[in-house]
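These notes are about the structure you will find just below.
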Amino acid sequence: MAEQIINLGTGFWNIRGTFRIGGILNIGTHCSLIQLASGRFVFLDSYSLTGDVRAKVMALTNNGQDVEAILNLHPFHTVHCAQMAKDFPQAVCYGSSRHHKKIPEIQWAEDLVESEAVAQRYSDIKFSLSQGIHYISSNEMIHAGSLLAFHPASQSLHVDDTFMSVPLKILQSVLPELLLHPTTKKALKNEPNAGKQYCDWATELAHDWRDVRNFCAAHSSLVKFEAGGFEKALLTAIDKARPKLEKA
């Protein structure tokens with residue numbers, strides 16, 4: 001899984017990177033670059049850019065000077081934040097409360113990344129915070145909750161962990177196109193109807209963001225959907241999981 005930058009058109013680039021568990025198994029990771037209507041740029045999530053990918057990003061962004069913000073969407077994706085902040089020192093860094101605690105050396109924006117203030121500031125992008133599950137779980141191994149970002153202009157969805165595609169292309173013919181994160185059930189909040197809240201949120205998301213064509217997930221491959229394909233795939237995954245989640 002080599003590092004690469006994929007131009008998905010209309011001002012959206014998905015950057016596929018490497019992330020090794022135990023220094024051996026590469027499960028991959030990603031960030032995305034968006035050109036706003038203003039002509040300026042924002043990153044979704046952080047990744048330490050190197051080689052050709054870095055050169056292409058710098059060429060696109062006036063040597064990084066046109067990057068105005070880095071939106072770190074997933075509370076547990078923190079490995080590359082400090083390097084990204086160094087690489088783009090003029091960019092405003094947004095993160096969750098966990099980012100603030102884990103990497104205090106970064107001068108974080110006061111507004112949390114999941115706040116309404118950030119959503120209004122970057123209206124070119126639609127955001128949705130997973131419901132019914134913990135955004136920041138007290139269990140460090142549970143990463144199902146995240147802030148999802150949809151860029152309507154390019155019909156591209158950037159998601160970390162909450163929803164996944166099949167990691168190996170050899171399995172795509174026998175497994176569903178979209179999967180829920182394996183820790184979703186453990187991530188449910190300890191409150192009535194948490195499972196229903198999650199499923200209802202995901203179902204509404206499938207309808208509202210039915211125009212998604214490019215599905216960019218952190219630890220799996222890029223999936224390109226035909227018209228209506230994302231909505232159908234997500235609804236199928238939710239319908240299958242709903243009985244177990246609602247019983248939890």
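Along the sequence shown, the residues carry numbers beginning at 1.
A 4.5 Å side-chain heavy-atom check between R98 and E140 finds at least one atom pair inside the cut-off. Here the side chains of R210 and V212 are not in contact, with every heavy-atom distance at 4.5 Å or above. S146 places a side-chain heavy atom less than 4.5 Å from the side chain of L148. Counting heavy atoms from C-beta on, the side chains of K186 and M141 never come closer than 4.5 Å. Two residues are said to be in side-chain contact when any heavy atoms from C-beta on lie closer than 4.5 Å; V57 and F43 meet this criterion. In this structure, C216 and L222 have side chains that are in contact, with non-hydrogen atoms separated by less than 4.5 Å. Using a 4.5 Å heavy-atom threshold, the side chains of I15 and I6 count as separate. At least one side-chain heavy atom of F215 sits less than 4.5 Å from a side-chain heavy atom of L178.
Of all non-hydrogen atoms in E114 and L129, the two that sit nearest each other are CB-CD1, 4.3 Å. Taking each heavy atom of R242 and T203 in turn, the nearest pair found is NH2-OG1, 3.4 Å. Taking every heavy atom of both residues into account, S128 and W201 meet most closely at OG-NE1, 2.8 Å. Residues A206 and L234 share a closest heavy-atom pair of CB-CD2, 3.8 Å. In terms of heavy atoms, T61 sits closest to L33 at CG2-CD2, 4.0 Å. Across I238 and Y198, no two heavy atoms sit closer than the pair CD1-CE2, 4.0 Å.
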Run the side-chain contact (heavy atoms from CB on, under 4.5 Å) check on D160 and D45 step by step: do they pass?
CA-CA 9 Å; D160 301 312; D45 288 319; 2.4 Å; yes

Take R213 and L157, measure what side-chain contact (heavy atoms from CB on, under 4.5 Å) needs, and give me the verdict at the end.
CA-CA 8 Å; R213 292 293 190 94; L157 171 60; over 6 Å; no

Is there a side-chain contact (heavy atoms from CB on, under 4.5 Å) between L235 and H207? Walk through the geometry before answering.
CA-CA 9 Å; L235 290 176; H207 296 317; 3.7 Å; yes

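Panel note: side chain D161, backbone H181; no donor-acceptor pair is recorded below 3.5 Å. No donor-acceptor pair closer than 3.5 Å links the side chain of D66 to the backbone N or O of R40. With hydrogens and angles ignored, the 3.5 Å screen pairs no side-chain donor or acceptor of Q197 with any backbone N or O of I133. Looking at T184, its side chain never comes within 3.5 Å of a backbone N or O of P182 through a donor-acceptor pair. For the pair E110 (side chain) and W108 (backbone), a donor-acceptor distance under 3.5 Å is absent.
Salt bridge K224/E177: absent, no basic N to carboxylate O contact under 4.0 Å. Salt bridge present: R121 and D111 bring a charged side-chain N and a carboxylate O closer than 4.0 Å. The pair K126-D211 does not meet the salt-bridge criterion, since no charged nitrogen lies less than 4.0 angstrom from a carboxylate oxygen.
Other residues, nucleotides and ligands contribute at most 12 non-hydrogen atoms within 6.0 Å of the CD atom of E226. The 12-atom threshold is exceeded at CD of E105, counting heavy atoms of other residues, nucleotides or ligands nearer than 6.0 Å.
Using modelled atom types, one finds no donor on one side chain facing an acceptor on the other under 3.5 Å when comparing S130 with T162. For the 3.5 Å distance criterion, the side chains of H158 and S32 qualify, holding a donor opposite an acceptor. Looking only at atom types and distance, the side chain of Q83 has no donor-acceptor partner in the side chain of S46 under 3.5 Å away.
Neither V113 nor I103 shares a network with the other; the hydrophobic side chains, linked directly or stepwise wherever heavy atoms of I, L, V, M, F, W or Y lie under 4.5 Å apart, form separate groups for each. A continuous path of ILVMFWY side-chain contacts below 4.5 Å connects V53 to F41, so both sit in one hydrophobic cluster. Under the 4.5 Å side-chain contact rule for hydrophobic residues, I34 and F127 share a cluster. Residues M58 and V67 share a hydrophobic cluster, clusters being chains of Ile/Leu/Val/Met/Phe/Trp/Tyr side chains in contact below 4.5 Å. Linking ILVMFWY side-chain heavy atoms closer than 4.5 Å, directly or via other members, places Y122 and L8 in a single hydrophobic cluster.
Ring orientation note: the planes of Y47 and H80 are tilted relative to one another, at an angle of 30° to 60°. A perpendicular orientation is assigned to the rings of F225 and F230, their planes being inclined by more than 60° (bins at 30° and 60°). In this structure, F150 and W209 have tilted ring planes: the angle between them lies in the 30° to 60° band.
Partner of S96 under the side chain to side chain contact (heavy atoms under 4.5 Å, CB included) criterion, chosen from L147, N72, L112, I136: I136. The residue from H134, H143, H99 that alone fulfils the ring pair (Phe, Tyr, Trp, His ring centres under 6.0 Å) condition with F76 is H143.
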